[in-house]
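Note that the structure is a prediction, hence the values are computed from the model and not measured.
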Amino acid sequence: MEDDILSKKLILYITFIIISGLSLIGYSILNVNLQHISNVVILIIFSAICESLPIYINSNVSVSVAYAVDLMAILLFGPLEGAIIASIGNLLLIRNVNGEIKCALNIPYYKTLFNISQISISVFMAGLVYKYLGGCSRTIHIS
């Protein structure tokens, strides 16, 4: 009985995160500054590369350095673009895990949706905190 309640709460949580994250991604895409689109695409590529090449602490634990790209996106463009860069970069990751190639196409869809949703929410919220604490985004053209 207790496992059944836990399972329902977990499904509700995952569903809430996915709906919130996908809504945020959609809102961000609709409101992105089109003058930055080429720079956003470049940072998406860097984010995907960083997501695909984690630093392994041991055989079971790895750390991604893609957050450095996400932070740079927030500092350069703001929370909306940061959320787009982080989520699409995470969606495009390709990893070799124990000799097996892992990507969005062979990972269960709910795991992929949860991962891109949670990263978009966290990067967007970090960008909002930065912005409302007095930080300002500096638009620099990368290309």
Side-chain angles (χ1 to χ4, degrees), residues 3 5-143:
D3 289 337
I5 293 171
L6 182 63
S7 177
K8 287 180 183 179
K9 287 181 180 181
L10 181 62
I11 291 170
L12 183 63
Y13 171 73
I14 290 171
T15 303
F16 175 75
I17 294 297
I18 290 173
I19 290 171
S20 300
L22 293 179
S23 299
L24 176 63
I25 293 167
Y27 176 79
S28 297
I29 288 172
L30 292 174
N31 292 291
V32 70
N33 186 342
L34 294 178
Q35 293 175 338
H36 302 146
I37 197 70
S38 63
N39 296 331
V40 168
V41 170
I42 291 169
L43 287 180
I44 287 171
I45 293 167
F46 285 144
S47 179
I49 291 169
C50 289
E51 284 287 353
S52 298
L53 300 170
I55 297 172
Y56 287 93
I57 296 172
N58 63 37
S59 61
N60 296 324
V61 179
S62 66
V63 178
S64 170
V65 294
Y67 196 75
V69 176
D70 303 339
L71 179 60
M72 183 171 57
I74 291 170
L75 296 175
L76 293 176
F77 307 117
L80 294 177
E81 289 85 351
I84 293 169
I85 291 165
S87 59
I88 297 177
N90 193 284
L91 181 66
L92 298 177
L93 76 87
I94 299 171
R95 285 191 185 157
N96 184 351
V97 179
N98 298 328
E100 184 180 343
I101 301 297
K102 296 283 187 179
C103 67
L105 298 176
N106 63 0
I107 296 174
Y109 73 92
Y110 59 91
K111 288 183 179 183
T112 300
L113 290 176
F114 181 83
N115 287 338
I116 65 170
S117 296
Q118 63 85 18
I119 194 72
S120 68
I121 292 169
S122 64
V123 169
F124 180 78
M125 295 305 290
L128 281 184
V129 169
Y130 172 73
K131 180 179 176 182
Y132 288 114
L133 288 177
C136 64
S137 300
R138 309 266 187 236
T139 303
I140 298 173
H141 296 284
I142 298 171
S143 55

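For the pair Ser38/Val41, no side-chain contact is recorded, criterion being any heavy-atom separation below 4.5 Å from C-beta on. Considering only heavy atoms from C-beta on, Leu43 stays 4.5 Å or farther from Ser47 through its side chain. In this structure the side chain of Val32 reaches within 4.5 angstrom of the side chain of Ile84, judged on heavy atoms. The shortest distance between side-chain heavy atoms of Val61 and Tyr56 does not fall below 4.5 Å. Residues Glu81 and Asn33 are in side-chain contact: their nearest non-hydrogen atoms beyond the backbone lie under 4.5 Å apart. In this structure the side chain of Leu22 reaches within 4.5 angstrom of the side chain of Ile116, judged on heavy atoms.
In plain terms, the two heavy atoms of Leu113 and Ser117 that are nearest each other are O-OG, 2.7 Å. Across all non-hydrogen atoms, the minimal contact from Ala66 to Ser64 is N-OG, 3.1 Å. When all heavy atoms of Ile55 and Val65 are compared, the closest pair comes out as CD1-CG1, 3.6 Å. Closest non-hydrogen pair, Phe77 versus Asn39, comes out as CZ-CB, 3.5 Å. Across Gly82 and Ala73, no two heavy atoms sit closer than the pair CA-CB, 3.8 Å. Taking every heavy atom of both residues into account, Leu92 and Ser52 meet most closely at O-OG, 4.3 Å.
Here the CG atom belonging to Leu80 is positioned 11.0 Å from the CD1 atom belonging to Ile29, to the nearest 0.5 angstrom. Here the CG-CE distance, from Leu24 to Met125, works out to 9.0 Å after rounding to the nearest 0.5 Å. Note: Thr15 OG1 to Phe114 CZ = 10.5 Å, rounded to the nearest 0.5 Å. A distance of 14.0 Å separates OH in Tyr27 from OG in Ser120, rounded to the nearest 0.5 Å. One distance of note links CD1 of Ile44 with CD1 of Ile37; it measures 7.0 Å at 0.5 Å rounding. The distance from atom CD1 of Ile14 to atom CD1 of Ile19, rounded to the nearest 0.5 Å, is 12.0 Å.
Heavy-atom neighbours of Tyr109 OH from other residues, nucleotides or ligands within 6.0 Å: at or below the threshold of 12. Shown here is Ile94, whose CD1 atom has no more than 12 heavy atoms of other residues, nucleotides or ligands within 6.0 Å.
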Problem set entry | Evaluation steps, side chain to side chain contact (heavy atoms under 4.5 Å, CB included), between Ser122 and Ile119 | CA-CA 5 Å; Ser122 64; Ile119 194 72; 4.0 Å; yes
Exercise. Do Ile85 and Phe46 pass the side chain to side chain contact (heavy atoms under 4.5 Å, CB included) test, and can you show the C-alpha distance, the side-chain angles, and the key distance before you say yes or no?
Worked result: CA-CA 9 Å; Ile85 291 165; Phe46 285 144; over 6 Å; no
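Side-chain atoms of Asn90 do not come within 3.5 Å of backbone N or O of Asn115 as any donor-acceptor pair. Checking side-chain atoms of Ser20 against main-chain N and O of Ile17 turns up no donor-acceptor pair under 3.5 Å.
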